[in-house]
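Below is one structure; the comments refer to it alone.
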Amino acid sequence: MARDPQAMEILASASEYLSGQDTLSMDWFVSFDVVVDGREKITYMRSGANLLQREVGFYGYSEFGDETREYFFDGSQFQIFDVEENAYVSAEINGDFDNLADRLSETYDIRLPIWQVMSSEPRGELLDRATSAAYVGTTRLAGREAHHLAFSNYDSDWQIWISTDVDRPELMMIVGTDPYTQGWPQYRAYFTNWDFDPEIPEGVFTYVPDEHADLMAWPVPEDVTILGERN
């Protein structure tokens, strides 16, 4: 399959739109498959919300099973707070959000929830590595009209749904498929409530532990990227 120019142009436009926003927030819901004993697929779910103010800070919230995590970054300090255990980890990391994502991946083997769509260059993950692209057509998703795009390379296949609103080409859904694992497990990310002028509460990017909170060693949590690759 060739790289269809219409599909490439639509996703490039959406990527540029996201990267051009100084602030953004969204709610997200993720489901992903794990193949057990080479046969049975078990589906897990995560949900949360992200808030980013470029060059200032990031806040994230996620629920996975009975575990709740909050993520704080103020440009110099990054922390993950385990709500149920009242425990946290902390690291000095300077720079912008992209530097934070790179440092966490390289140093701690950790991925922030839905970090790719908040990057200053989301097309690198969503578009540039595609060796084939197709424009499937338009459809309706939760009552909104969306472009349906399909991409692939040697390692994976992924589909993306983007709003047809030319002034707000928002990402609506991403589905990634692993074609080399029996059962073809998938990763599905749904995005709602995009806001590009959100209220930024004072102190939202900084975590202040209470006197009973425990400072813990860095964990290596299991996570999934938006294209279905595990850490």
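Numbering of residues begins at 1 and proceeds along the displayed sequence.
Linking ILVMFWY side-chain heavy atoms closer than 4.5 Å, directly or via other members, places Tyr207 and Val89 in two distinct hydrophobic clusters. Each of Leu52 and Tyr61 belongs to its own hydrophobic cluster when Ile, Leu, Val, Met, Phe, Trp and Tyr are linked at side-chain heavy-atom distances under 4.5 angstrom. Under the 4.5 Å side-chain heavy-atom criterion for grouping Ile, Leu, Val, Met, Phe, Trp and Tyr, Trp158 is not connected to Trp184 through any hydrophobic cluster. By the rule that hydrophobic residues join a cluster once side-chain heavy atoms approach within less than 4.5 Å of another member, Tyr187 and Phe64 end up as members of one cluster. Put simply, Val30 and Leu24 are part of the same group of oily side chains (I, L, V, M, F, W, Y) that touch within less than 4.5 Å, one to the next.
With Lys41 contributing its side chain and Pro185 its backbone, the two residues share no donor-acceptor pair below 3.5 Å. Side-chain atoms of Ser15 come within 3.5 Å of backbone atoms of Leu11 as a donor-acceptor pair (strictly under, hydrogens ignored). Between the side chain of Asp27 and the main chain of Asn193, no donor-acceptor pair closer than 3.5 Å is present.
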Trace of the side chain to side chain donor-acceptor pair (under 3.5 Å) decision for Ser132 with Ser152: CA-CA 5 Å; Ser132 65; Ser152 66; 2.4 Å; yes
Full working for side chain to side chain contact (heavy atoms under 4.5 Å, CB included) between Phe151 and Gln159: CA-CA 6 Å; Phe151 303 89; Gln159 303 173 71; over 6 Å; no
Test side chain to side chain contact (heavy atoms under 4.5 Å, CB included) applied to Arg144 and Leu141, step by step: CA-CA 5 Å; Arg144 298 178 61 194; Leu141 184 62; 5.7 Å; no
Trace of the side chain to side chain contact (heavy atoms under 4.5 Å, CB included) decision for His147 with Thr138: CA-CA 5 Å; His147 296 291; Thr138 58; 4.0 Å; yes
Stepwise side chain to side chain contact (heavy atoms under 4.5 Å, CB included) test for Tyr71 and Phe81: CA-CA 6 Å; Tyr71 304 82; Phe81 176 48; over 6 Å; no
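Proximity of Met26 to Met118: side-chain heavy atoms (C-beta onward) are separated by under 4.5 Å at one or more points. With contacts defined as side-chain heavy-atom distances shorter than 4.5 Å, the pair Ile174/Tyr190 does not qualify. Between Leu51 and Ile200, the closest side-chain pair of non-hydrogen atoms falls below 4.5 Å. The shortest side-chain heavy-atom distance between Thr164 and Ile10 does not fall under the 4.5 Å cut-off. Looking at heavy atoms from C-beta onward, Arg168 lies in side-chain contact with Tyr17 at the 4.5 angstrom threshold. The closest side-chain heavy-atom distance from Val35 to Glu40 is not below 4.5 Å. Looking at heavy atoms from C-beta onward, Glu70 lies in side-chain contact with Val83 at the 4.5 angstrom threshold. Contact annotation: the side chain of Leu104 approaches that of Phe78 to within less than 4.5 Å [non-hydrogen atoms, C-beta and beyond].
In this pair, Tyr180 and Tyr154 present their aromatic rings tilted. The plane angle is within the 30 to 60° band. Between Phe196 and Trp194, the ring-plane angle classifies as parallel under the 30° and 60° cut-offs.
A pairwise comparison of heavy atoms in Asp98 and Glu121 identifies OD2-N, 4.4 Å as the closest pair. Between Ala134 and Asp4, the shortest heavy-atom distance links the atoms CA-CB, 4.0 Å. The minimum heavy-atom distance between Arg3 and Ala130, with the atom names listed, is NH1-O, 2.8 Å. For the pair Pro179 and Ser156, the tightest heavy-atom approach, listed with the atom from each and the gap, is CD-CA, 3.8 Å. Counting all heavy atoms, side chain and backbone alike, Arg46 lies closest to Pro113 at NH2-CG, 4.2 Å. In terms of heavy-atom proximity, Glu85 sits nearest to Asp82 at N-OD1, 3.1 Å.
Using a 3.5 Å distance cut-off with no hydrogens or angles, the side chains of Asp214 and Asn86 do not pair a donor with an acceptor. Counted by atom type alone, Thr43 and Ser31 present zero donor-acceptor pairs between their side chains at under 3.5 Å. For Asp102 and Ser105, the side-chain atoms include no donor-acceptor pair closer than 3.5 Å.
Taking CH2 from Trp28 and CZ from Phe191, the interatomic distance works out to 9.5 Å, rounded to the nearest 0.5 Å. The line from OG of Ser76 to CG of Asn94 is 6.0 Å long, rounded to the nearest 0.5 Å. Residue Asp74 holds its CG atom at 12.0 Å from CD of Gln53, rounded to the nearest 0.5 Å. Considering CG of Leu171 and OG of Ser163, their distance stands at 10.0 Å, rounded to 0.5 Å. Atom OG in Ser119 sits 9.0 Å away from atom CG in Leu126 (nearest 0.5 Å). Atoms CG and OG, from Leu215 and Ser90 in turn, are 7.0 Å apart once rounded to the nearest 0.5 Å.
Between Glu63 and Arg69 there is no salt bridge, since none of the side-chain N atoms of the basic residue sits less than 4.0 Å from a carboxylate O of the acidic one. We find that Asp96 and Arg54 are not joined by a salt bridge, their nearest charged nitrogen and carboxylate oxygen being 4.0 Å or further apart. Salt-bridge annotation for Arg188 and Asp33: present, with a side-chain N of the basic residue lying under 4.0 Å from a carboxylate O of the acidic one.
Looking at Phe205, Tyr88, Tyr59 one by one, the single match for side chain to side chain contact (heavy atoms under 4.5 Å, CB included) with Phe72 turns out to be Tyr59.
The local environment of CG in Asp210 is crowded, with over 12 non-hydrogen atoms from other residues, nucleotides or ligands closer than 6.0 Å. In this structure, Glu145 places its CD atom where more than 12 heavy-atom neighbours from other residues, nucleotides or ligands lie under 6.0 Å away. The local environment of CD in Glu84 is crowded, with over 12 non-hydrogen atoms from other residues, nucleotides or ligands closer than 6.0 Å.
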